[in-house]
Amino acid sequence: NAGVMQNPRHLVRRRGQEARLRCSPMKGHSHVYWYRQLPEEGLKFMVYLQKENIIDESGMPKERFSAEFPKEGPSILRIQQVVRGDSAAYFCASSQDRAEQYFGPGTRLTVT
Amino acid sequence: EDQVTQSPEALRLQEGESSSLNCSYTVSGLRGLFWYRQDPGKGPEFLFTLYSAGEEKEKERLKATLTKKESFLHITAPKPEDSATYLCAVQAGGSYIPTFGRGTSLIVHP
């Protein structure tokens, strides 16, 4: 059973460009969570999605950030007009029953 | 506001030297407490879920326990490969969003 997959693993963007991060949950998992982690900081919740629905986006900035989990295909976290402060590791996790979560390897975004 | 505090922030042990990591929480209506292990450059790896005070879970050299206010992760006779950051997370109330602590960075010297 493949684990949670994220791509790309590393992404470099210039200020003002768009970043698209993809996450494929574990087979049979319908709950997807996105987190952001900065060095020396904890995991910060961003958004929780189920297929075709955003359940909770309370941790996501109102501007420039959006997320989706379509009926077919991976979940996508989209960051428009990136700024240097967006540089971080972004993790996706999936869950079968909204309890324990299984994390992907992360996407490390660097904004130059 | 839900609070999850982990201590110590960093811990250095000699191989074989047993110790405990602490996760204290102040939440209303605990749904579950989770322990994860995170290696540098990788995503957190799920270890345990605890649901009620008095519950214990074990896996190899790790044992997690839960009281009404805190959880301990006991590490017995650790090995260098146990070196990692250990994260605690809590789900509470009507929310399925876990709140993570900042973690304890464990280094086990051979």
Side-chain angles (χ1 to χ4, degrees), chain A residues 1-10 21-26 29-50 53-60 67 88-110, chain B residues 1-10 21-25 27 29-52 55 57 59 62 64 66 71 73 84-105:
Chain A
N1 187 11
V4 177
M5 294 189 288
Q6 289 187 249
N7 66 78
R9 295 291 307 278
H10 300 274
L21 288 61
R22 294 175 186 77
C23 168
S24 296
M26 286 180 69
H29 288 194
S30 60
H31 305 273
V32 168
Y33 306 78
W34 285 93
Y35 294 88
R36 170 178 158 138
Q37 187 175 46
L38 288 166
E40 309 306 320
E41 292 190 16
L43 279 165
K44 300 298 183 187
F45 165 75
M46 298 182 73
V47 61
Y48 162 37
L49 310 102
Q50 285 184 267
N53 288 301
I54 296 174
I55 308 301
D56 187 326
E57 56 183 347
S58 59
M60 200 155 68
Y90 292 83
F91 291 98
C92 163
S94 73
S95 176
Q96 187 175 41
D97 56 5
R98 297 182 292 184
E100 57 262 21
Q101 297 181 2
Y102 294 85
F103 284 79
T107 294
R108 276 139 191 90
L109 173 65
T110 302
Chain B
E1 183 179 321
D2 296 343
Q3 295 277 355
V4 181
T5 304
Q6 293 189 244
S7 61
E9 288 186 14
L21 283 53
N22 178 265
C23 172
S24 63
Y25 60 91
V27 301
L30 180 71
R31 281 182 176 272
L33 185 142
F34 310 92
W35 283 99
Y36 294 86
R37 168 194 171 127
Q38 185 174 23
D39 292 291
K42 296 188 176 181
E45 174 189 346
F46 170 72
L47 294 174
F48 303 110
T49 305
L50 301 167
Y51 291 107
S52 56
E55 190 174 359
K57 294 274 179 73
K59 180 181 178 180
L62 300 177
L66 182 64
S71 176
L73 185 64
T85 295
Y86 290 85
L87 301 171
C88 167
V90 167
Q91 260 183 358
S95 174
Y96 289 98
I97 308 304
T99 299
F100 279 83
R102 289 189 160 219
T104 293
S105 173

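Just so we're on the same page: letters track the sequence lines, and every chain starts at 1. Keep in mind that what you see is a predicted model, and the values were worked out from it rather than measured.
Heavy atoms closer than 4.5 Å to chain A are found in the side chain of B:Y51, but not in its backbone. If you measure heavy-atom distances from B:Q38 to chain A, the contacts under 4.5 Å come from the side chain alone. Proximity to chain B involves both the backbone and the side chain of A:A99, based on heavy atoms less than 4.5 angstrom apart.
B:F46 approaches A:E100 most closely through the heavy-atom pair CE1-CB, 3.3 Å. Residue B:P44 comes nearest to A:F103 through the heavy atom pair O-CB, 3.3 Å, listed as atom of the first residue, atom of the second, then distance.
Ranked by heavy-atom pairs shorter than 4.5 Å toward chain B, the options A:I55, A:L43, A:V4 are led by A:L43. Your options are B:S95, B:A89, B:P98, B:G101, and the one with the most heavy-atom pairs under 4.5 Å with chain A is B:P98.
By the neighbour-count criterion of 12 heavy atoms within 6.0 Å, atom CD of A:Q50 is densely surrounded, having more than that number from other residues, nucleotides or ligands. Under a cut-off of 6.0 angstrom, the local environment of NZ in B:K57 is crowded, with over 12 non-hydrogen atoms contributed by other residues, nucleotides or ligands.
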- prompt: Are B:F34 and A:Q101 close enough, and set up right, to give a side-chain contact (heavy atoms from CB on, under 4.5 Å), and what steps lead you there?
  reply: CA-CA 9 Å; B:F34 310 92; A:Q101 297 181 2; over 6 Å; no

- request: Please assess A:Q37 against B:F100 for the test side-chain contact (heavy atoms from CB on, under 4.5 Å), listing each intermediate value before the final yes or no.
  value: CA-CA 11 Å; A:Q37 187 175 46; B:F100 279 83; over 6 Å; no

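Using a distance-only test at 3.5 Å, with no hydrogens or angles considered, a donor-acceptor pair links the side chain of B:Q91 to the main chain of A:R98.
A distance of 5.5 Å separates OH in A:Y33 from CD1 in B:I97, rounded to the nearest 0.5 Å.
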